[in-house]
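Down below is the structure, laid out as structure tokens.
Every value quoted in this text rests on a predicted model; they were computed, and no experiment measured them.
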Amino acid sequence: LIAEYFEREVIPRLNACDTDRLVQLSICSSFCVPLASAVLGELPRHAKAAQLIAHLVHQDLFIYPVVSQNLERWFRLHPLLRDFLATRFQALPRDLQQRLHARAADWFESAGLLDETVRHRIDADQVERAVALVEVYAQEMQVRGDFQNIAAALRRLPPQALSRRLPLRLLHGHLQP
């Protein structure tokens with residue numbers, strides 16, 4: 001019923017290209033123009049991503065601003081719309097899905113957002129890169145007392161990848177309640 005509503009009332013208000021972009025962008029729980037541009041592969045220009053976001057906001061198409069400490073304006077899709085788009089995303093070829101997640105991971109890594117980087121690296125089938133990244137940042141985060149973010153990143157790692165890294169296993173065990 002909800003999918004029918006989005007098919008009938010929301011998707012027709014977008015052109016086919018914007019619909020495809022929105023499906024691709026749905027991999028991000030929230031996004032800003034530079035992140036959207038990175039995921040959509042239009043760096044260094046941001047014009048198409050900015051136009052898409054502006055259109056969604058102007059048409060009131062289930063997009064909401066997110067309060068952020070960042071200089072960029074961040075947005076979030078309504079969870080039901082995002083779920084609808086995620087179903088369409090799953091129908092994309094696996095190599096395209098991985099490429100989009102890799103772009104998101106690259107952007108999040110450059111922004112220093114470990115948890116999102118790890119999530120997208122894993123979804124891009126770049127598990128070893130995710131594990132290596134957690135290893136690099138875990139010590140730094142421990143020194144700062146950022147145990148919540150370390151624990152979140154460790155929880156994202158597949159158990160088999162975690163089991164091959166003794167320092168991470170020890171850290172994971174130490175952080176368990």
Side-chain angles (χ1 to χ4, degrees), residues 21-46 49 53 63-79 81-83 85-90 92-177:
R21 288 185 185 109
L22 198 54
V23 167
Q24 294 175 10
L25 199 53
S26 71
I27 63 172
C28 299
S29 57
S30 58
F31 51 88
C32 58
V33 170
L35 171 57
S37 296
V39 171
L40 299 174
E42 58 179 45
L43 291 175
R45 291 186 229 112
H46 303 307
I53 293 170
I63 185 171
Y64 306 101
V66 177
V67 176
S68 171
Q69 306 298 325
N70 196 307
L71 294 176
E72 297 292 337
R73 287 188 62 205
W74 284 76
F75 300 90
R76 180 182 313 262
L77 296 173
H78 187 284
L81 176 59
R82 189 164 174 247
D83 289 346
L85 295 170
T87 302
R88 285 186 165 202
F89 181 81
Q90 293 305 316
L92 296 175
R94 183 71 183 135
D95 64 321
L96 176 58
Q97 291 179 30
Q98 290 175 332
R99 195 165 52 249
L100 293 167
H101 280 294
R103 289 176 187 164
D106 290 344
W107 190 91
F108 282 116
E109 187 173 347
S110 72
L113 299 169
L114 180 65
D115 190 47
E116 287 297 314
T117 303
V118 170
R119 180 174 80 82
H120 287 287
R121 288 276 177 240
I122 290 168
D123 289 341
D125 200 25
Q126 298 175 346
V127 175
E128 286 306 312
R129 282 186 71 180
V131 172
L133 192 64
V134 172
E135 281 181 323
V136 167
Y137 284 100
Q139 291 177 339
E140 201 177 291
M141 293 167 83
Q142 254 184 310
V143 170
R144 289 194 320 253
D146 194 359
F147 298 108
Q148 186 175 0
N149 282 328
I150 297 170
L154 289 170
R155 279 192 302 274
R156 289 205 182 274
L157 297 176
Q160 66 275 19
L162 194 57
S163 70
R164 294 191 299 264
R165 299 294 203 339
L166 182 59
L168 290 180
R169 277 191 3 230
L170 293 171
L171 182 57
H172 188 258
H174 176 71
L175 294 174
Q176 293 300 311

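- Considering CG of L35 and CG of L113, their distance stands at 9.0 Å, rounded to 0.5 Å.
- Every residue meeting the ring-ring contact (aromatic ring centres under 6.0 Å, His included) condition with F89, not counting sequence neighbours, appears here in chain and number order: H101.
- Residues satisfying the salt bridge (Lys or Arg N to Asp or Glu O under 4.0 Å) criterion with E72, sequence neighbours excluded, are absent altogether.
- Residues meeting the salt bridge (Lys or Arg N to Asp or Glu O under 4.0 Å) test with D125, sequence neighbours left out: none.
- The 12-atom threshold is exceeded at CZ of R169, counting heavy atoms of other residues, nucleotides or ligands nearer than 6.0 Å.
- Among residues two or more places apart in sequence or in another chain, the ring-ring contact (aromatic ring centres under 6.0 Å, His included) test is passed with F108 by H120.
- Inter-residue side-chain proximity for D123 and Q97 is flagged as unmet; no heavy-atom pair is nearer than 4.5 Å.
- Among residues two or more places apart in sequence or in another chain, the side chain to side chain contact (heavy atoms under 4.5 Å, CB included) test is passed with A36 by L25, A49, I53.
- Checked by atom type, the side-chain pair Q24/R21 shows no donor-acceptor distance below 3.5 Å.
- The side chain to side chain contact (heavy atoms under 4.5 Å, CB included) test applied to D83 returns no partner, not counting sequence neighbours.
- Salt-bridge formation is detected for the pair R165/E128: a Lys NZ or Arg NE/NH1/NH2 atom is positioned less than 4.0 Å from an Asp or Glu carboxylate oxygen.
- Within 6.0 Å of CD on Q148 lie no more than 12 heavy atoms contributed by other residues, nucleotides or ligands.
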